[in-house]
Novice: 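I'd like to ask some things about the structure below.
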Amino acid sequence: MSLVDCYKSLEGDYEDVVGRLRSERLVQKFVLKFLNDGSYDLLCSSLEAEDYKEAFRASHTIKGVCQNLSFTKLYHSSHELTEALRGGWSPEAAPLVERVKKDYEQTVAAIRELQAEVGG
């Protein structure tokens with residue numbers, strides 16, 4: 001899988017991120033580093049513990065990373081979740097949590113496929 005194909009698979013914007021970072025090698029480096037980011041695990045554990053302040057912080061971090069890497073689909077769902085958690089738990093947060101989980105899994109699956117191809 002190429003980096004371009006990875007971005008198609010995770011529904012991101014490859015042209016945007018290359019325009020921002022100016023190097024495919026640099027983009028690939030940061031895409032692969034996404035797998036080691038602990039924000040998603042923190043989000044899940046914070047939600048389980050009903051620590052919505054920490055869940056907000058974790059979703060906000062995911063949103064920022066996704067915005068910087070042009071992971072468009074996960075950016076949009078994490079942005080909506082961040083806003084739903086801004087003041088604590090809200091009724092609209094529950095379906096957004098599920099959407100973020102689905103989008104995160106799609107993103108990680110695409111990156112792992114890239115990783116298997118490039119050996120990173």
Side-chain angles (χ1 to χ4, degrees):
M1 167 182 276
S2 71
L3 189 56
V4 172
D5 291 335
C6 177
Y7 266 80
K8 286 179 187 172
S9 184
L10 61 79
E11 298 182 49
D13 188 336
Y14 175 78
E15 297 300 323
D16 183 63
V17 73
V18 170
R20 183 177 310 108
L21 297 181
R22 302 276 185 219
S23 160
E24 185 173 306
R25 191 179 105 276
L26 196 57
V27 171
Q28 180 174 300
K29 174 184 171 183
F30 285 114
V31 166
L32 294 173
K33 282 185 176 248
F34 183 80
L35 296 174
N36 299 321
D37 182 83
S39 301
Y40 179 76
D41 291 334
L42 179 61
L43 173 64
C44 293
S45 63
S46 299
L47 289 169
E48 189 174 308
E50 298 181 4
D51 183 348
Y52 302 121
K53 183 177 181 179
E54 194 67 16
F56 167 80
R57 191 175 73 75
S59 65
H60 193 276
T61 300
I62 293 167
K63 176 189 81 160
V65 170
C66 290
Q67 185 174 30
N68 287 333
L69 291 175
S70 300
F71 292 172
T72 309
K73 186 174 185 179
L74 182 54
Y75 164 75
H76 285 297
S77 60
S78 60
H79 171 73
E80 289 181 36
L81 179 59
T82 298
E83 293 309 310
L85 293 172
R86 188 170 291 281
W89 186 254
S90 64
E92 60 271 0
L96 292 171
V97 167
E98 293 309 310
R99 195 168 133 214
V100 166
K101 285 181 180 183
K102 181 180 171 216
D103 295 349
Y104 180 84
E105 289 168 9
Q106 176 183 351
T107 300
V108 166
I111 296 170
R112 285 193 176 130
E113 197 172 332
L114 172 68
Q115 184 181 44
E117 184 75 23
V118 299

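Keep in mind that the numbers below use all heavy atoms, side chains included, and drop hydrogens, waters and symmetry copies. Here the structure is a predicted model, which is why all the values come from computation and not from measurement.
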Novice: Could you walk me through whether Arg57 and Leu42 pass the side chain to side chain contact (heavy atoms under 4.5 Å, CB included) check?
Specialist: CA-CA 9 Å; Arg57 191 175 73 75; Leu42 179 61; 3.5 Å; yes

Novice: Set out, in order, the CA-CA distance, both residues' side-chain angles and the distance that settles side chain to side chain contact (heavy atoms under 4.5 Å, CB included) for Ile62 and Tyr104, then state yes or no.
Specialist: CA-CA 10 Å; Ile62 293 167; Tyr104 180 84; 5.5 Å; no

Novice: Does the side chain of Leu47 reach to within under 4.5 Å of the side chain of Tyr52, using non-hydrogen atoms?
Specialist: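 A side-chain contact exists here, since the closest heavy-atom pair is under 4.5 Å.
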
Novice: Would you please test Asp41 and Ser45 for side chain to side chain contact (heavy atoms under 4.5 Å, CB included) and show each step?
Specialist: CA-CA 6 Å; Asp41 291 334; Ser45 63; 5.9 Å; no

Novice: How far does NZ of Lys63 sit from CD of Glu80, to the nearest 0.5 angstrom?
Specialist: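 Rounded to the nearest 0.5 Å, the NZ-CD separation comes out at 11.5 Å.
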
Novice: Hey, does Tyr7 have a side-chain heavy atom less than 4.5 Å from the side chain of Val18?
Specialist: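 Sidechains of Tyr7 and Val18: no contact.
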
Novice: Is there a side-chain contact between Leu96 and Arg99, using heavy atoms and a 4.5 Å cut-off?
Specialist: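 Sidechains of Arg99 and Leu96: in contact.
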
Novice: Kindly compute the distance separating NZ (Lys53) from OG (Ser46), expressed to the nearest 0.5 Å.
Specialist: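 Taking NZ in Lys53 and OG in Ser46, the distance rounds to 12.0 Å.
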
Novice: Any idea which heavy atoms bring Cys6 and Met1 closest together, and the distance?
Specialist: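 Closest pair (atom of Cys6, atom of Met1, distance): CA-SD, 3.5 Å.
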
Novice: Of the non-hydrogen atoms in Asn68 and Val17, which two are nearest, and what is the gap between them?
Specialist: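 Looks like O-CG2, 3.8 Å.
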
Novice: Run the side chain to side chain donor-acceptor pair (under 3.5 Å) test on Glu11 and Tyr75 for me, step by step, so that the C-alpha distance in whole Å, both residues' side-chain angles and the decisive distance to 0.1 Å come before the verdict.
Specialist: CA-CA 10 Å; Glu11 298 182 49; Tyr75 164 75; over 6 Å; no

Novice: Less than 4.5 Å apart, side chain to side chain, heavy atoms only: is that true for Val31 and Phe71?
Specialist: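 SC-SC contact between Val31 and Phe71 confirmed.
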
Novice: How long is the gap from NZ on Lys73 to SG on Cys66, to the nearest 0.5 Å?
Specialist: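 It comes to 12.5 Å.
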
Novice: Has the side chain of Ser59 got a donor or acceptor atom that lies under 3.5 Å from a matching backbone atom of Ala55?
Specialist: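 Indeed, once roles are kept as given, a pair shorter than 3.5 Å links the two residues.
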
Novice: Within the structure provided, determine whether Cys44 and Lys101 are in side-chain contact (heavy-atom separation under 4.5 Å).
Specialist: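 Cys44 vs Lys101: side chains touch.
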
Novice: Using a strict threshold of under 4.0 Å (side-chain N to carboxylate O), is an ion pair present between Arg20 and Asp16?
Specialist: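 Judged by the 4.0 Å cut-off on N to carboxylate O distance, Asp16 and Arg20 do form a salt bridge.
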
Novice: Could you go step by step and tell me if Arg112 and Leu35 meet the side chain to side chain contact (heavy atoms under 4.5 Å, CB included) rule?
Specialist: CA-CA 8 Å; Arg112 285 193 176 130; Leu35 296 174; 4.1 Å; yes

Novice: Please examine the side chains of Lys33 and Lys29, heavy atoms only from C-beta on, and report whether any two atoms are closer than 4.5 Å.
Specialist: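 Counting from C-beta outward, Lys29 and Lys33 do come under 4.5 Å.
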
Novice: Quick check for you: to the nearest 0.5 Å, what is the distance between Leu21 atom CG and Leu26 atom CG?
Specialist: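 These two atoms lie 5.0 Å from each other.
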
Novice: Side chains of Leu81 and Leu43: does their closest heavy-atom pair fall under 4.5 Å?
Specialist: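 Yes, close enough: below the 4.5 Å cut-off.
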
Novice: Does Ala84 offer a backbone N or O that forms a donor-acceptor pair with the side chain of Ser90 under 3.5 Å?
Specialist: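 Side chain of Ser90 to backbone of Ala84: a pair is present.
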
Novice: Could you state the interatomic distance from CG (Asp103) to CD (Glu98), rounded to the nearest 0.5 Å?
Specialist: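 If we round to the nearest 0.5 Å, Asp103:CG and Glu98:CD are 11.0 Å apart.
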
Novice: Working to the nearest 0.5 Å, report the span between CG of Asp5 and CG of Leu10.
Specialist: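 One gets 11.0 Å once the value is rounded to the nearest 0.5 Å.
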
Novice: Might you confirm whether atom CD of Glu92 has over 12 heavy atoms from other residues, nucleotides or ligands at distances under 6.0 Å?
Specialist: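 For Glu92, atom CD is crowded (more than 12 foreign heavy atoms under 6.0 Å).
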
Novice: Is a side-chain donor-acceptor pair under 3.5 Å present for Glu105 with Tyr40?
Specialist: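 No pair is found: no donor N or O on one side chain lies under 3.5 Å from an acceptor on the other.
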
